[in-house]
Amino acid sequence: MKLKYYLSATIAFLLGGYCLHAQQPAFDCTKSTFRSVNEALKYKDCATILSLRIVKDEVLNPEIGQLVHLETVDLQKNSYRFLPESVGALLRLKSMIISNNHLKKLPEAVGNWKQIEFLQLDNNGLSDLPLSITAWKQLKTLDLSWNNFSSLQKEITSLKSIRLLEVSHNGLLNLPEQIGKLSTLEELDLTFNKLKALPKSFTRLDKLKSLDLGDNQLEVLPENIHQMKALKSINVNNNQLRTLPASVAKLKSLESLYLSNNQLQSLPESLFGMQHLRNIILVGNPISKETIDRLKKALPHTNIVF
Amino acid sequence: MNMNKHWIKLKTLFAIAAVIITAALLSAEKQNDPVAQVSAYFRTQVDSLQGQVRLLREMLMTRAPQAQVQEAFLQSRLTYKRIESLVEYHFPETALKINGPNLLEAEVSEPEQPIYPTGFQVLEEVVFASDNWEPKAAIKEVDGLIFAVNRLKAQQANMSLTRSSVLDAIKLNLYRLITRGISGFDVPVALNSIPEARSTMRATVQLLNMFPEADQMHQSAQKTLQYLEQYTGDFNEFDRAVFVSKYVNPLCASMYQYQVDHAIPFVQTHNRAIAANAPHLFSEAAYDLSFYTPTGAPRPTAAIIDLGRQLFNDNRLSATGKRSCATCHMADKAFTDGLALNETIAGDRKLLRNTPTLLNAAYQPVQFLDSRVTFLEDQVHDVIANPAEMGGAFEHIVAAYTKDKVFRKSYQQAYGSNTVTAANIKYALAAYVRSLTAMNSPFDRYMRGDDQAMTAQEISGFNIFMGKAKCGTCHFMPAFNGSVPPYFEKMESEILGVPQTSDTLNAKLDLDSGKYHLYKIPHQLHSFKTTSVRNAAVTAPYMHNGVFATLREVIDFYNRGGGAGLGFELDNQTLPPDPLGLSEREKKDLEAFIGALTDTTSYKQKTIRL
């Protein structure tokens, strides 16, 4: 009897040990990444992260709207032509990636994403945004590059927390008059558009550190550019600038100035005093050798590329 | 005690019986449920398609004679047509892989990386090649097809079907049938369009029969099928005018009525140019023009349109103060200037491209011949700010109008505000252009049931347009431009090989790079947006450079195979290079039909239907 007891105990111990080794880490629904809507629906009371990245999905399952606890969603590289209205039910969404799809419009219901902080919409076919984006008060990063925007609606200037705005590689002809209202903006990428001018309010972007305006059709920069006092980098490569505003020298934080391939024949005198400038790129401008030599002398610690 | 036991037994038996009866009822209900039936139908048909394409591969592997392969190919397509409505609706990318056009595509961010077409239409060119029969090349394409069909099978459980979506998918497919199916768009070499139309209609009848209490809809579908079943002629002779106006349009209308009568909601979606609740494709209110309007544009009231009209005729929009929109878009010339090329505002040279009519400009998902902007508001901005065209600066324009009390009065009426903004100026101009609709031509009236609206010659011309001459494979009904049915959200551009002059003996290719300049996509070199044929009779001259003075010159150009027919060696000409072989009578009929697309009266209306 005793033997039987010990035998049983041994088997139990061995089995227990085996089970101990085989035991998976505890399943944490809120930290797990679900790979399909159907899978996530089984845990709809807790599913927080959904990734359908490159699953070659064609129509987003409208039942995604039941996953009301989702905070992070990645839909990159599918073939979605539209999003179902039900995505408006994702009230806790903080991060959404919808890059590389075929979206032409977004449903108005995306205005319900009041917690959204990070949104990538690059490489789609968008030409406008719903008016409801005014509700994205927490949004910090918005990527609209590689779409079909020829203009941006004024509603975009309601993004009260925006820090990074990417609208490169579109067909922007102009910017909204009220763009200066984006007072939290730190990085703005508008390269590869068709901008001929900047609106008056532009220089009110006084938190802006990085300004990319390369590959547009700009003929002038604002005279009062010095008001954008946080600027560290300005890229206006490949435009049609004939002059630079003298006030650019008042930008005390400016470290890099990219001016390649413009029509600059001269530089403002004030620029010769910008000792804090680390880089100035002047390739492809009809600037005389004398001017370059003088600049080199005046700014001996600056990397001057011409 | 015994009684109790007996009672329990009885209760148990009763419960079991109830369960069985309920299950039977549920099963019967499921059998009668159109959604369940459609789902089962789809599964069966996908299996069948899978079998067909596998057989096709087997035949290629065993080097079956080309004629047998061709027959198997056509059978596979017929099977696909039985599920096309559902595949296109629920799996649009797979549909593209199975039956997309044989054209190169590219992502704008990767212009040098062509996306090669796949599927039936690529396979068709291999299988029906008159020489150089290459089964190996065909195998590669069939493998792609098998992959796509397998994908359908794997994905079929994800289809979320409802009665609304099934009816919507069928209706969209009927639009597809009359615009792309019977025109030979998707079977351009074999031209097996009419047998395929039969297959589509057989499937339509079968699917619609799954809906109960639908006598009228069933009868209408059956009649449409009968018309096709009884037709014994060839591709060219098929009477598309009768088929569309007498059969398909009434069928669509009966489906609409069925949904209304049975309170089946129409699909609500924001990605639709043709309203889901339009009775048929040619109904007066079929288009929802807001689809082509930017979000946030104000509703186009009469006051806004009137303001737009004033602005349209106002020289102050230009740098010199001597040119308005109306200078080049003249109302008495159907909003063109009648010139091959107009001059720059400085008068020092010709502009690059022909001035297009503004009539029906609203029915386009993109603007300009190179498709560079989406909305009319942006088109307005681009033209006004273009130094060659008007050279205006909105800062100055807004300042000038702000000082003008008379203007401000109209502005106040339109917007209820005195603060003049550039955005509102553009909205007003765009609203006016959107009001220049011309969708009430004799053709439209014919399609809406007025048999007398078109002459016999015009009807014959329509049938040639949609058949032998293949015009309808690029100029899609009902706008007759390049917006692709049934969603009309994508605009096609074509490389035609347009010459510099009308001298066909010493023809030289026009060197305008067209859409290519946008993203430098190699296969878009010399490609231009497919403009509308509506009002073409009154909008001469033609083509992007205005090279042809008459419609006859245009028809002759296409008849000889475009640039290829003029001797140009364009690798990427998208217009089929083969001559059309149109007779003199056929050309005249075509001209007559194009005349029946004329409607220059509606732009006088002050309001717009939306």
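Here is how names work: the chains are called A, B, and so on, in the same order as the sequence lines, proteins then strands, and each is numbered from 1. Any value given below was found using the heavy atoms of this structure, including those in side chains, with hydrogens, waters and symmetry copies removed.
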key: For chain A, which residues of residues 107-114 of chain B have heavy atoms nearer than 4.5 angstrom   = B:Glu107, B:Val108, B:Ser109
message = Checking side-chain polar atoms at under 3.5 Å, does A:Thr203 have a donor or acceptor matched by the opposite partner on A:Asn224?
response = yes
message = Under 4.5 Å from any heavy atom of chain B, what part of A:Lys194 do you find: side chain, backbone, both or neither?
response = side chain
Side-chain donor-acceptor contact under 3.5 Å, A:Gln76 with A:Arg53 = yes
key: Region of A:Glu108 that comes under 4.5 Å of a non-hydrogen atom in chain B   = side chain
query = Hey, is the main chain of B:Glu84 close enough, under 3.5 Å, to the side chain of B:Glu88 for a donor-acceptor pair?
reply = no
query = Hey, are A:Lys160 and A:Gln138 close enough side-chain-wise for a donor-acceptor pair under 3.5 Å?
reply = no
query = Is it the side chain or the backbone of B:Glu395 that comes within 4.5 Å of chain A heavy atoms, both, or neither?
reply = side chain
query = Can you pull out the residues in residues 166-179 of chain A with any heavy atom less than 4.5 Å from chain B?
reply = A:Leu173, A:Asn174
Top contributor to chain A contacts, counting heavy-atom pairs under 4.5 Å, from B:Asp378, B:Thr374, B:Val373, B:Leu518 = B:Asp378
query = Under a 4.5 Å heavy-atom cut-off, does chain B meet the side chain of A:Asn147, its backbone, both or neither?
reply = backbone
query = Hey, does B:Val383 have a side-chain heavy atom less than 4.5 Å from the side chain of B:Cys325?
reply = no
key: Which atoms of B:Asn158 approach chain A - backbone, side chain, both or neither, heavy atom under 4.5 Å   = side chain
task = Measure distances from A:Asp57 to the heavy atoms of chain B and classify the residue's part below 4.5 Å as side chain, backbone, both or neither.
result = both
Contacting region of A:Glu155 [heavy-atom separation from chain B under 4.5 Å] = neither
key: A:Pro199 versus chain B, the contacting section by heavy-atom distance below 4.5 Å   = neither
task = Could you verify whether a donor N or O on one side chain and an acceptor N or O on the other, from A:Ser127 and A:Asn148, lie under 3.5 Å apart?
result = no
message = Heavy-atom pairs under 4.5 Å with chain A - which of B:Tyr487, B:Phe394, B:Phe91 has more of them than the others?
response = B:Phe91
query = Quick one: do the B:Gln155 and B:His90 side chains pair a donor with an acceptor below 3.5 Å?
reply = no
message = Between B:Thr94 and chain A, with a heavy-atom cut-off of 4.5 Å, which part of the residue counts as in contact: side chain, backbone, both or neither?
response = both
request  = State, without any angle test, whether A:Asp143 and A:Ser145 hold a side-chain donor-acceptor pair at a distance under 3.5 Å.
outcome  = yes
query = Contact part of A:Lys105 toward chain B, heavy-atom cut-off under 4.5 Å: side chain, backbone, both or neither?
reply = both
ask   = If you measure only the distance, is there a donor-acceptor pair under 3.5 Å linking the side chains of B:Asp370 and B:His517?
value = yes
key: A:Asn235 (side chain) donor-acceptor with A:Leu213 (main chain) under 3.5 angstrom   = no
Contacting moiety of B:Glu377, where chain A heavy atoms sit under 4.5 Å = neither
A:Leu121 side chain reached by A:Leu106 side chain, heavy atoms, under 4.5 Å = yes
ask   = For residues A:Asn216 and A:Asn193, is any side-chain donor paired with an opposing acceptor at under 3.5 Å?
value = no
query = Any donor-acceptor pair under 3.5 Å linking the side chain of B:Asn418 with the backbone of B:Val420?
reply = no
request  = Would you confirm whether the ring centroid of A:Phe34 sits within less than 6.0 angstrom of the ring centroid of A:Tyr43?
outcome  = yes
message = Determine whether a donor-acceptor pair (N or O, by modelled atom type, separation under 3.5 Å) exists between the side chain of A:Asn239 and the backbone of A:Glu219.
response = no
key: B:Tyr287 and B:Tyr363 aromatic ring geometry - parallel, tilted or perpendicular at 30°/60° bounds   = perpendicular
